[in-house]
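See below for the structure under consideration.
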Amino acid sequence: MEELLDLNKLNPQQREAVTTIEGPLLVVAGAGSGKTLVLTYRIAYLISLGISPSSILALTFTNKAASEMKERIRNLVGKRADYIYMGTFHSIFARILRQEAHLIGYTRDYSIYDTDESENVIKGILKDFNISENHFTPRFIQGLISKAKNKLIFKENGLNNFFDMYNKKLLAIYEEYNKRLKDSNAMDFDDLLIKPIELFTVSEELLSKYRERFNYILVDEYQDTNTAQYFLLKMLVNQNKNICCVGDDAQSIYKWRGAEVRNIIEFNKDFPETKIIRLEQNYRSTKSILAVADSVIKNNIYQIPKTLWTSNEQGEKVTVTTCFDERDEANYVAKIVSSLINSNKYKPREIAILYRTNAQSRNFEEVFIKSSIPYIIVGGVEFYKRKEVKDILAYLKLLVNPKDDESFLRIVNFPPRGIGDVSIETLRTIARNNEKSMFNAIPDLIESPNIQDRIKKNFKNFYEFISKYRSLVNDKNFYEIVKTFIDELNILQLYKEERTEESNQRYENIIQLLNSIQEFQVNNPESTLTDYLSEISLIADVDNWEDRKNSVVLMTLHSAKGLEFKVVFIVGCEDGLLPLRRDGDIDDIEEERRLFYVGCTRAMKHLHLTYSRNRNRFGNSYPQVPSRFIEEIDKSHIIFDSTPLAEIYLKKNSDLRSIITDEYSQLDRHENLDTNYISKNLKAGSIVEHDVFGRGKVIYLDGYGDHQKVIVEFKSGIRKHLMVKYANLKVIK
DNA sequence: GCAATTTACTTTTTT
DNA sequence: AGTAAATTGC
C-alpha cells in the first residue's frame, strides 16, 4: 500500500533538505533528527518529479540501512524504487567491478578476500621471505596495508615513507601481497574501493558513462567515509554537482578504519557552492537522555558546534548502577529486563544491551538463557566466519575462480584426502615454476616425473571432482548443483556421524548455508553463484539481524549505529573498557566518547548505564574504576544505584568472602596463586635471558602470579610484552 | 599423514 | 576462560 509523499510532515529544515535537489548539499544531522526520513523523502521526491530512479546513486553504511531505506521508498513510490542504485560503497562498486573487471586484468568471477584471508596471504609471504612473525604480526601488516590503501597512499605519493617508519621490508611485502592477490584473481575489501578508481582512470569512457548515469548522488553516514571513498565520490560527481551528503561528526566512530571526519569539514572546499543544512531537533529521546548524552559529548574539543534539542517529554532519569562483577551485572540487567517484559511495558525487541567488545556478550547470554529471556546476539562469531561455513564457501569460490589459491589451500585436504604439507609444497613449486595457480597446476604435477603415484592419484581425484562441477556453476539453477556437490563431498555425513554437540551445530550451520543459497536463488533468479558469493562476502552481521524475531538485542556499540530502541542498557562503563584501553593507552579518547554518545542516543525512553567493580580478563579478576564518561554526566539527570552484591562489597569488605564464596568460588584463587615462577627475583632492571630473543633488560613489571607481565628490551633493540608464565625467562642479574 | 594433546593467545570496534 | 595453533605420538 502506498503512503502519500506529504512534505508537510517535515519540519522546515528537513523540508529544505528534501527539496534542495540541485547542487552540492551537506546535511549535518544530529542523532535522532530524522536523517533517514529526510533521505527517503528526498529520493521519493526526486522520483515524484519524474527523475529516473536509475540515475540515483544512494550509498549507505550497511546493507541493512540500504534495504530498509529501499523498503520505505517503495512504500512511497512503488516498484520504481527497485531501479535505484542503492547499497554500501563496497557492494555497489563490487558490482560495477564485476562488469568491467577485464579492463584491469581480473575476470568477473574474482574472489573477495576478507581480513582473515588477507592475513593468510601475508603469513605465506612472511614465510617465503623468511621474515619472523615476531617483529610484525601478519595482522599488523594487514592493518598497515589496508591503511595505505584506504588513504590512497601509493608508490608515487609516499608509500615508501609510509612503510619506512616501520620497516624497510614492508614495501616488498606490500608489492608481493598485491601480486599474489592479482594472481589469485582476488581483491581485498580496500581493493573494492581503489580498483574502481583505477578502472575509471584507465577508461575515461567508462567514467563518463557512470558520471552521466548517476546524476543524483546521496551519501548516508558521511562522517564515516574514508579517503578512497571520498575520492570516488569526487570522480563520480558530474558537472551538475548534485551530491547530497548526510552525516554527524559527533557520531564518527570509524576513524580506526580510516574514516576521515575531515571529509565533512572540508566538503565545502571541494564544492564551494555547498549549501549546509543543520537538523538539530531530536525526535527520538527524552529530555533526560539527551541531556546526559550532551553533557558527555561537549567534553570533545574537535567538533562542529551544534545544539541538539527536543520537545519530547522530560522522561525518567538515567540510572547508573554499580555491580559487583560482570556476572552480577548480567544478573542485574536480566532482572530489570524480565520485569520490563513481564509487566508488558516493553516487548523484548524494544530493548537493547550495548557493549564495547563482543567478548562481553557471553555473561548476558548465559543469564538470559537461565531467565528464559528471548535474545539475539548480533556479531560475535559471525555465521559466515565459522569454520564449516568458510570451508564450504572456499569450495564454492574455487569452483567459480580456480585461481583462488587461498580457497584452494583451505580445502585441498579437508575433508582429509591424503594431501599433506609435503604434497602441497611440491605442488606449490610446480605452480610457481609454471606460473599457474595451484589448482591449475595439478595436471602439470600429474605429468611430472619423480612423484609418487599415490600422491598423483590423490591430486587427480581432487582435480576431477572439482572439475566435474566447475562446468556447471554458471547455471542459473546453481542451488541444485551445489546441493549435489555437497552430497558428494560427504561433509554433512561426516559431521552427522561425529555425534558431538559441536558437530551437530556444524551440521546445522551447513544446512542453514544451503538454505541461504536457495533463498538467494529464489529472490535473484537471474543471478549466478558468483553473485551470491559476492553478496555474502560483504554482509555485516547487523544486516542479518531480523528485528521481527521479537528478541532482546545484544550487540556492540559500533553495530548499534543508526538504530533506535525504547530501552537501552550500556554495560561495562568502566575506565579501560569504555573508553577502551589497549597497550596501556587509550588510542583516541574523543572517538571513545563519541561511541558512548552514539550508545546513549539510541535510547528513546529509558537509558541504563552499568559498571562492575571487578572484571575478569583472561581468567583473572581485576578491580575496576567507573568510566570517566560517567563522571562527565550532568548529575542532575541521573540516579545512582547498586546491586545488593556490590552493596555488601562496598560496606563490609571483610565479610565478603563468606557471602561470595558460594556463588563465585573462583574468587579464592587469589590466595592460592602459584608463586613458583621466577617472579620473586624478577624486578624492573633485571637482566634476563629468553630462549628466542636472547638477553634483555626488564623495563616494566606488572601483575602477579599467572598473570604477571613484563616488558623486556632485548639487545637487538626490540621490545616485547611477555607473560612471565610462558616466557621461560632466566634471571641473570 | 592424522588424531590427540599441549601450548599460545585472546578483547577492540567492521566493510 | 575459552579457543586457535602448534606439537607430539602413532
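Since the structure is predicted, the reported quantities are computational estimates derived from the model, not experimental observations. Every chain is numbered from 1, with letters handed out A, B, ... down the list of sequences.
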From [atom1] of [X] over to [atom2] of [N], roughly how many Å is that when rounded to an integer?
X	N	atom1	atom2	result
A:Lys561	B:dT13	NZ	C1'	11 Å
A:Asn363	B:dT11	CG	P	16 Å
A:Arg594	B:dT13	CZ	C1'	13 Å
A:Asn616	B:dT11	CG	C1'	13 Å
A:Phe414	B:dG1	CZ	P	17 Å
A:Asn120	C:dA5	CG	P	8 Å
A:Asp421	C:dT8	CG	P	15 Å
A:Asp190	B:dT14	CG	P	16 Å

So does [X] get a side-chain nitrogen or oxygen closer than 4.0 Å to the phosphate oxygens (OP1/OP2) of [N]?
X	N	result
A:Asn413	B:dC2	yes
A:Thr62	B:dT14	no
A:Ser423	B:dG1	yes
A:Ser559	B:dT14	yes

Students often get this wrong, so: under 4.0 angstrom with heavy atoms, is [X] touching a base, only sugar-phosphate, or nothing?
X	answer
A:Ser91	nothing
A:Ser537	nothing
A:Tyr254	sugar-phosphate
A:Arg615	nothing
A:Asp114	nothing

Which one, [options], comes nearest to the side chain of [X]?
X	options	result
A:Asn358	C:dA1, B:dA3, B:dT14	B:dT14
A:Arg362	C:dT3, B:dT13, C:dA1	C:dT3
A:Val422	B:dT10, B:dG1, B:dT13	B:dG1
A:Pro416	B:dT13, C:dA1, B:dA3	B:dA3

Counterpart residues, ring pair (Phe, Tyr, Trp, His ring centres under 6.0 Å), relative to [X] (two or more places apart):
X	value
A:Phe61	A:Tyr254
A:Tyr230	none
A:Phe364	none
A:Tyr177	none

Q. Between A:Leu538 and A:Ala359, which has a closest nucleotide on DNA chain B that is more 5'?
A.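 Its nucleotide being nearer the 5' end, the pick is A:Ala359.
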
Q | Nearest-nucleotide comparison on DNA chain B, the residue closer to the 5′ end among A:Ile419 and A:Glu591 | A |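 Between the two, 5'-proximity favours A:Ile419.
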
Q: Side-chain contact test, heavy atoms from C-beta onward, threshold under 4.5 Å: evaluate it for A:Leu427 versus A:Val412 and give yes or no.
A: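 A:Leu427 vs A:Val412: side chains apart.
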
(Q) If you apply the rule side-chain hydrogen bond (donor to acceptor under 3.5 Å, both in side chains), what do you find for A:Ser534 with A:Arg98, and how did you get there? (A) CA-CA 9 Å; A:Ser534 182; A:Arg98 291 244 175 258; 3.3 Å; yes

Q: Would you list the pairs meeting salt bridge (Lys or Arg N to Asp or Glu O under 4.0 Å) in which at least one residue belongs to residues 413-427 of chain A, sequence neighbours left out?
A: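 Residue pairs passing salt bridge (Lys or Arg N to Asp or Glu O under 4.0 Å), neighbours aside: A:Glu425-A:Arg428.
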
Once side-chain contact (heavy atoms from CB on, under 4.5 Å) is applied, do any residues pair with [X], and if so which ones, sequence neighbours excluded?
X	result
A:Ser184	A:Tyr113, A:Ala186, A:Asp405
A:Asn120	A:Lys123, A:Glu406
A:Arg582	A:Asp587
A:Gln303	A:Asp249, A:Ile297, A:Asn300

Q: Would you please say whether a donor-acceptor pair under 3.5 Å links the side chains of A:Thr225 and A:Asn263?
A: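 The answer is yes; a qualifying pair exists.
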
Q) Which residues, if any, of residues 573-581 of chain A bring a heavy atom under 4.0 Å of DNA chain B? A)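 Close to the strand are A:Leu580.
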
Q.
Just to be sure I understand the geometry, which residues of residues 143-150 of chain A put a non-hydrogen atom under 4.0 Å away from DNA chain B?
A.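 When residues 143-150 of chain A is checked for heavy atoms under 4.0 Å from DNA chain B, there are no hits whatsoever.
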
Q. Do the ring planes of A:Tyr495 and A:Phe414 sit parallel (below 30°), tilted (30 to 60°) or perpendicular (above 60°)?
A.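 It falls in the tilted class, 30° to 60°.
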
(Q) For DNA chain B, please output the secondary structure as dot-bracket, reading 5' to 3'. Pairs are Watson-Crick or G-U wobble, both atom distances under 3.5 Å; mark crossing pairs with [ ], other-strand partners with |, unpaired with a dot. (A) ||||||||||.....

Q: Between C:dA4 and B:dT13, how far apart are the P atoms? Round to whole Å, please.
A: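 Result for the P pair: 15 Å, nearest Å.
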
